[in-house]
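Just follow the structure's listing: the first ligand is 1, and inside any ligand the first atom is 1.
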Amino acid sequence: MSKIYFDNNATTHCHKEVIDEMSEIYSNCYNYSAMHYYGRKASAIVNLAKSTIKELINAYNYKLIATSCGTEANNLAILGMPKDYKIIVSAIEHPCVYQPALLRKAVFVKVKNNGIVDLSDLEEKVSIVSKEKGNKFLVSIMHANNETGIIQPIKEAARITHKNGGVFHSDMIQSLAKINIDLEDLNVDIATISAHKINGPQGSAALLLRNGIELSPLLIGGGQEENFRSGTLNIAAIVGFAKALDIAVKNLKKYQKLYILRDYMEKNIQQYGNNDVVIFGQKSPRIPNTSYFATNNINSQIQLIEMDLNNICIATGSACSSKSFQISRILHAMGVDEKIANCAVRISFSLMNNVDEVDKFLMIWKNLHSRINKTH
Ligand code: PLP
């Protein structure tokens, strides 16, 4: 039975063209560090892949450090900062920023009820930290949140950071190729991107580092990636990433129309569910593929299981925590009532989805809604 896949913020199908390019690499003995023929060939392949990625996000003045996943890249951005730097992060970061930030005893910036980081709180915290630390601080604010899809004002956050002399990092994993990305224009100093959210391979990501910024490596050894990340480079992974990004950027205009599918679904559930439905961040700017909503009295797990039984894959929160049934930290930070947060599900579309699939989802959801309401 074929599945309807609405969990694209967690991971996506890998494009056939991407797999083909990667297979070609895997069938050769390419080694980026070797001096012989295969080493030279590997260098050319990797340099091309890296410059393709940089060109597509206007990152000419950045080093690209290839990593094994977005988690590693985000860990490197936070834990690799000099020990005397103070870390300031938003309360809604992905766990792979949030947890390292806790280790570094970070300062947390509040988020408003609409899911947008509170810039006046950021301004206040940056000014307190810079009084103590001068320019020795890093601010990390994600570009788009993985649960809500809400786009954060990172250009303004970078301006506040730079005005006080700090370094600005953004986790851009959920915004990459879903909205236009231009690192120079956004003025971020360090950015994290990952391939598997854009139909590239899992286990392929990168940290973009503005030339001149220093980080201590997490992995030490052979000194690969200009000493920022030792370990034999996964050439197929970075090649697959470049190919996936190239395809995604070409499809960006089409992707941006995904909001039509999303809004169609939201309009239908709102009309049917009336006051029972809360759509998080509906009035905030969002990436076009994401909807995060709660249906009063229908627990997230019940919705997920009902959909799964009907061959529809949805999520209850962030991908990495969907197996542990805790209330979303993101909704908590947005001040959402615990009872409502318990009923939240996330739908995240891709270009492979269509209106017939949404109609099937709506039919099952409406059925569940009326069944539960009859029993109340
Ligand atoms: N940051 C965000 C915003 C994400 O959505 C994810 C993946 O869910 C990550 C980081 C982690 O990326 P990876 O799965 O490549 O480790």
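Contacts with ligand 1 closer than 4.0 Å are made by side-chain heavy atoms of C96 only, the backbone lying farther away. Of the heavy atoms in C69, both backbone and side-chain atoms come closer than 4.0 Å to ligand 1.
Close approach to N74 involves these atoms of ligand 1, each under 4.0 Å from a residue heavy atom: 1 (N), 10 (C). Those atoms of ligand 1 that come under 4.0 Å of a heavy atom in S194, given as number and element, are 15 (O). For ligand 1, the atoms lying closer than 4.0 Å to a non-hydrogen atom of H196 are 13 (P), 14 (O), 15 (O). Shown in contact with M142 at under 4.0 Å from a heavy atom are these atoms of ligand 1, numbered in order with element: 3 (C).
F6 and F349 have their aromatic ring centers within a separation under 6.0 angstrom.
R329 forms a cation-pi arrangement with Y98, by the criterion of a distance under 6.0 Å to the ring centre and an angle within 45° of the ring axis.
Residue T71 has at least one nitrogen or oxygen atom sitting less than 3.5 Å from a nitrogen or oxygen atom of ligand 1, judged on distance alone. Residue G70 has at least one nitrogen or oxygen atom sitting less than 3.5 Å from a nitrogen or oxygen atom of ligand 1, judged on distance alone. The shortest N/O to N/O separation between N146 and ligand 1 does not fall below 3.5 Å.
Under 4.0 Å is where a charged nitrogen must lie from a carboxylate oxygen, and between E156 and R159 at least one such pair does. At a threshold of 4.0 Å, the pair E266-R286 counts as salt-bridged, since one of the basic side-chain nitrogens sits closer than that to a carboxylate oxygen. D84 and K133 are not joined by a salt bridge, as no carboxylate oxygen comes within less than 4.0 angstrom of a charged side-chain nitrogen. A salt bridge links K125 with D121: the distance from a Lys NZ or Arg NE/NH1/NH2 to an Asp or Glu carboxylate oxygen falls below 4.0 Å.
Taking a 4.0 Å cut-off on heavy atoms, E72 fails to register as neighbouring ligand 1.
Counting non-hydrogen atoms of neighbouring residues, nucleotides and ligands closer than 6.0 angstrom, the OH atom of Y259 reaches no more than 12 such neighbours.
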